[in-house]
Amino acid sequence: MEIVIRPTAAEVDSTAADIVERYVRSGATTLGLATGSSPIGTYRELARRHRDAGLDFAAAQAFLLDEYLGLPRTDPQSYYSVIRSEFVDHVDLDPARVWSLDGESSDPEAEADGFDSSIGAVGGVDVQLLGIGTDGHIGFNEPGSSLTSRTRVKTLAAQTRRDNARFFGGVDDVPHQVLTQGLGTICDARHLVMIATGVGKAAAIAAAVEGPLSAFCPASVMQLHPHVTVVIDEAAAASLALADYYRYALEHKPSWQSF
Ligand code: F6R
């Protein structure tokens with residue numbers, strides 16, 4: 001696991017965009033896309049590079065992490081809509097090749113199983129962007145989630161519903177249940193890139209990176225993955241015991257070594 005501490009949120013965005021750009025420029029690639037506020041700056045930076053620097057997504061395809069159960073795709077807060085308005089509409093990624101879970105499926109369990117099969121059928125995700133919840137969730141795998149879970153229905157924690165009330169009219173409008181890639185599904189991706197900024201994420205980042213491997217902090221499952229890059233600003237790094245070591249390691253990173 002490599003911890004990259006950047007001075008500002010803008011530098012977090014550009015570092016995460018550098019990583020995605022490397023995959024996209026290497027040819028046909030399968031991206032794993034997160035929603036929520038954390039990757040928005042990265043998506044804007046990628047869209048800028050598409051406009052100004054010829055970054056071409058035409059050969060790429062993408063899978064989303066999660067979706068609210070019961071929310072129609074036409075709802076602006078469905079992740080189906082959010083990923084389009086925040087990213088896909090601004091680049092040349094084919095919207096028909098951006099796969100998301102159907103929150104209105106009449107058979108959510110079959111929908112979840114089919115999603116895992118679809119990811120497997122294309123050979124898996126090359127690079128997976130992740131945000132982290134204040135309670136340590138990734139995707140919508142709330143504390144207590146099996147570390148080997150597959151895509152399935154989960155019930156949101158009250159804390160997550162409160163955190164996400166800002167996207168809705170109020171907390172009462174936040175759905176109670178979701179479809180989410182499981183922790184095992186997420187960890188099948190070949191490279192995990194976590195993005196977090198702000199002091200509100202500091203405790204979750206410290207638990208994920210330096211705490212015990214535990215279902216109590218689902219993001220700690222990243223400790224088992226062979227290729228993880230955690231890109232955070234100084235505020236999100238505030239509770240890391242080994243922050244000085246991470247800065248030192250980054251400063252002395254061999255020039256030939258990419259993230
Ligand atoms: C969203 C997702 C979630 C968010 C997390 C953080 O697709 O998978 O895990 O990444 O809830 O949300 P923000 O970035 O809004 O703080």
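Residue numbers start at 1 and run along the sequence shown. Remember, it's 1-based here, ligands and their atoms both numbered in the order they're listed.
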Please check this pair: side chain of E111 against backbone of D102, looking for a donor-acceptor N/O pair closer than 3.5 Å. yes
So the atoms of ligand 1 within less than 4.0 Å of a heavy atom of G36 turn out to be 14 (O), 15 (O)
Spacing of CG belonging to D126 relative to CG belonging to L31, to within rounding of 0.5 Å: 7.5 Å
Where is the nearest protein heavy atom to atom 8 (O) of ligand 1: which residue, which atom, and how far? D66 OD2, 2.7 Å
If you scan protein heavy atoms around atom 11 (O) of ligand 1, the nearest is H137 NE2, 2.7 Å
Quick check on E142 - does any of its heavy atoms sit under 4.0 Å from an atom of ligand 1? no
Short list, please: which atoms of ligand 1 are under 4.0 Å from a heavy atom of L65? 8 (O)
Donor-acceptor contact present, side-chain R162 to main-chain V171, <3.5 Å: no
Closest non-hydrogen protein atom to atom 14 (O) of ligand 1, residue and atom name please, with distance? S38 OG, 2.5 Å
Could you go through the side-chain contact (heavy atoms from CB on, under 4.5 Å) check for L64 and V98 one step at a time? CA-CA 7 Å; L64 263 60; V98 177; 3.8 Å; yes
Which heavy atom of the protein is the closest neighbour of atom 6 (C) of ligand 1, given with residue, atom name and distance? I132 O, 3.4 Å
Using a 4.0 Å cut-off to any heavy atom of S37, which atoms of ligand 1 qualify? 13 (P), 14 (O), 15 (O), 16 (O)
T35 neighbourhood, listing ligand 1 atoms whose heavy-atom distance to it stays under 4.0 Å: 1 (C), 7 (O), 10 (O)
State the atoms of ligand 1, each with its element, that fall below the 4.0 Å cut-off from a heavy-atom position in G131. 10 (O)
Only heavy atoms of G139, strictly under 4.0 Å: list the atoms of ligand 1 that pass. 2 (C), 3 (C), 8 (O), 9 (O)
Please list, chain by chain and in numerical order, all residues satisfying ring pair (Phe, Tyr, Trp, His ring centres under 6.0 Å) with H191, sequence neighbours excluded. Y23, H227
For ligand 1, which part of T160 has a heavy atom less than 4.0 Å away: the side chain, the backbone, both, or neither? neither
Does the N or O separation between N164 and ligand 1 drop below 3.5 Å for any pair? no
Angle class for the F63/F115 ring planes (parallel below 30°, perpendicular above 60°, tilted otherwise)? perpendicular
Ranked by distance from atom 16 (O) of ligand 1, the top protein heavy atom is K201 NZ, 2.7 Å
dist L101:CG -> S78:OG (nearest 0.5 Å) comes out at 12.0 Å
State whether the number of non-hydrogen atoms from other residues, nucleotides or ligands found under 6.0 Å of Y245 atom OH is greater than 12. no
Please identify each residue that fulfils side chain to side chain donor-acceptor pair (under 3.5 Å) with Q77, with sequence neighbours left out. none
